[in-house]
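Data block below; observations after.
On a predicted model such as this, the values are computed, not experimentally measured, just so you know.
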Amino acid sequence: MGMAEIKPRNIKFALTGEDKRNWFAGNPVATAIMDGASILFPVGETFFIESVVYYKDRIADPKLQAEVLAFQQQEGIHSREHRRYNKAIEAFGGDVPALEQRLKDEIKKLEAAGTSPEYKLALTCAFEHFTAMLADDLLAHPDFMAGAEPEFSKLWHWHAIEEAEHKAVAYDVWNLVGPKGLKGYLMRARAMWKATRVFMGQSTYNAAGLLKARGEGGYGRNMWKMLHFILVRPGVLRRSFPAYLSYFKPGFHPWQHDNQHLIDKFKSAYEA
Ligand SMILES: [Fe+2]
Ligand SMILES: [Fe+2]
């Protein structure tokens, strides 16, 4: 069961207006990587909500029921704000609808293949582990976004806090309704492998597309710079690798990594 209070914060971020291209400390590659991930959120989070809410009648525990509702509200607002974010960054260059279409197509393929609600929930748990892991990394390294435009930084920290708060909701539903034993473990592991390929593949593809549209050169030139950012310095994924592997432990639960103190450290900035 989740430990943190899951509190939807209905905030509208002021991202439009001035030209904030290279909002990430003047670094086009870092900016494109974050923007490339942002493009995935509205479609992705809608899928997460649907996958979890599908099971709401199976949940008898009022605490988990309330958590599912709060999860749905948080992801709904994230989706709305990332849609606004994505509209704003289109002005910096990049065909956002075309990039977003790739994730829509991936979901259409799942539907066409008759994917079970259980596997969709397993995929959601895997993606939620990804977002929780990246959120933890952001909150644990306050220098990561030093020099970034404050409103973009504020949005990403807000999203990170809420991803940390609700990181176990999909997983607790999975533990309740998903297949048990080896079958459950294998489905969960298979879903993580799929989620890894989709998340890594699409976010780097998006980032490369944005960089090209922003006059920063093609895929070849930027691939090394992106890998450097992801794996070397600051090396977000390198730092997160142990957390990634922990997902494959039988008996894994998101709150085995307790980062409540990070949530508490940042959330006061968003109190109304
Ligand atoms: Fe979210
Ligand atoms: Fe989430």
Side-chain angles (χ1 to χ4, degrees), residues 15 29-54 71-72 74-135 152 155-156 159-160 162-163 166-167 169-170 187-188 190-214 219 222-223 226 229-230 236-237 240 244 247:
L15 301 173
V29 171
T31 304
I33 286 173
M34 300 308 286
D35 292 354
S38 176
I39 290 171
L40 301 175
F41 282 119
V43 175
E45 291 178 315
T46 304
F47 175 83
F48 305 161
I49 293 170
E50 286 170 4
S51 306
V52 171
V53 167
Y54 176 87
F71 161 81
Q72 183 180 358
Q74 284 189 333
E75 296 292 42
I77 300 167
H78 300 169
S79 183
R80 182 195 75 199
E81 286 308 296
H82 278 276
R83 208 166 276 296
R84 295 180 65 244
Y85 174 121
N86 297 344
K87 207 86 227 120
I89 60 166
E90 247 189 310
F92 311 157
D95 187 348
V96 171
L99 296 173
E100 184 184 59
Q101 188 59 41
R102 287 168 50 90
L103 187 57
K104 288 184 181 165
D105 291 344
E106 192 70 52
I107 293 170
K108 262 193 221 148
K109 265 196 278 174
L110 287 177
E111 298 296 350
T115 303
S116 69
E118 280 175 346
Y119 188 62
K120 288 185 198 167
L121 183 61
L123 283 172
T124 296
C125 291
F127 281 113
E128 283 286 280
H129 184 61
F130 250 102
T131 56
M133 199 170 85
L134 298 174
F152 281 91
L155 178 144
W156 281 109
H159 198 162
E162 299 201 346
E163 288 304 318
H166 74 226
K167 66 179 175 178
V169 175
M187 187 182 285
R188 179 163 90 67
R190 183 162 65 92
M192 179 47 107
W193 179 230
K194 171 81 176 167
T196 304
R197 282 176 295 149
V198 170
F199 183 79
M200 294 306 298
Q202 296 218 4
S203 60
T204 50
Y205 180 90
N206 290 351
L210 294 174
L211 284 165
K212 189 160 198 282
R214 294 169 183 179
Y219 201 73
N222 286 309
M223 200 58 210
M226 289 195 289
F229 184 84
I230 293 167
V236 177
L237 274 196
S240 302
Y244 175 77
Y247 195 76

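- When the shell of 6.0 Å around CZ of F92 is examined, it contains more than 12 heavy atoms from other residues, nucleotides or ligands.
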Mind running side-chain contact (heavy atoms from CB on, under 4.5 Å) on E75 and E163 for me, showing each step along the way?
CA-CA 9 Å; E75 296 292 42; E163 288 304 318; 3.0 Å; yes
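- Minimum interatomic distance between Y244 and T196 (heavy atoms only, all atoms of both residues): OH-OG1, 2.7 Å.
- The shortest non-hydrogen separation linking Y247 to R188 is O-NH1, 2.5 Å.
- Using cut-offs of 30° and 60° on the angle between ring planes, the pair H82 and W156 is perpendicular.
- Note that the CG atom of L110 and the OG atom of S116 stand 10.0 Å from one another [nearest 0.5 Å].
- Taking OH of Y219 as the reference point, atom OH of Y205 lies at 9.0 Å (rounded to 0.5 Å).
- Of all non-hydrogen atoms in A195 and L123, the two that sit nearest each other are N-CD2, 4.4 Å.
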Show the numbers, then the answer: is there a side-chain contact (heavy atoms from CB on, under 4.5 Å) between T31 and R214?
CA-CA 11 Å; T31 304; R214 294 169 183 179; 4.0 Å; yes
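- Using a 30° and 60° split on the angle between ring planes, F152 and Y85 fall in the perpendicular class, above 60°.
- In terms of heavy atoms, A213 sits closest to G93 at CB-C, 3.9 Å.
- One finds a salt bridge joining E81 and R84 here, because a Lys/Arg side-chain nitrogen approaches an Asp/Glu carboxylate oxygen to under 4.0 Å.
- S79 OG to Q72 CD: the interatomic distance, rounded to the nearest 0.5 Å, is 12.0 Å.
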Worked check of side-chain contact (heavy atoms from CB on, under 4.5 Å) between H78 and F48
CA-CA 12 Å; H78 300 169; F48 305 161; over 6 Å; no
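- Of the possible polar contacts, one joining the Q202 side chain to the L103 backbone as a donor-acceptor pair under 3.5 Å is found.
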Go through the steps for Q101 and D105 under the test side-chain hydrogen bond (donor to acceptor under 3.5 Å, both in side chains), then give the verdict.
CA-CA 6 Å; Q101 188 59 41; D105 291 344; 2.9 Å; yes
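- One finds the CG atom of L134 at 6.5 Å from the CG atom of L237 (value rounded to the nearest 0.5 Å).
- A distance-only check finds a donor-acceptor pair linking the side chain of N86 to the backbone of S38 [under 3.5 Å].
- Side chain of T46 to backbone of P42: a donor-acceptor contact under 3.5 angstrom is found.
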Going through the distances and angles, do E111 and K108 end up as a salt bridge (Lys or Arg N to Asp or Glu O under 4.0 Å)?
CA-CA 5 Å; E111 298 296 350; K108 262 193 221 148; over 6 Å; no
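- Rounding to the nearest 0.5 Å gives a distance of 11.5 Å between OG1 of T204 and CG of N222.
- Side chains of H166 and E162: no donor on one and acceptor on the other come within 3.5 Å.
- Minimum interatomic distance between L210 and G94 (heavy atoms only, all atoms of both residues): CD2-CA, 3.8 Å.
- A salt bridge is absent between R83 and E45; no separation between the charged side-chain nitrogens and carboxylate oxygens falls under 4.0 Å.
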Carefully, step by step, assess K194 and E106 under the rule side-chain contact (heavy atoms from CB on, under 4.5 Å).
CA-CA 11 Å; K194 171 81 176 167; E106 192 70 52; 2.9 Å; yes
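- Tested against F199, the residues F41, W193, F130 include a single ring-ring contact (aromatic ring centres under 6.0 Å, His included) partner, F130.
- In plain terms, the two heavy atoms of A32 and L211 that are nearest each other are CB-CG, 3.5 Å.
- We find the OH-CE distance between Y119 and M187 to be 8.5 Å, quoted to the nearest 0.5 Å.
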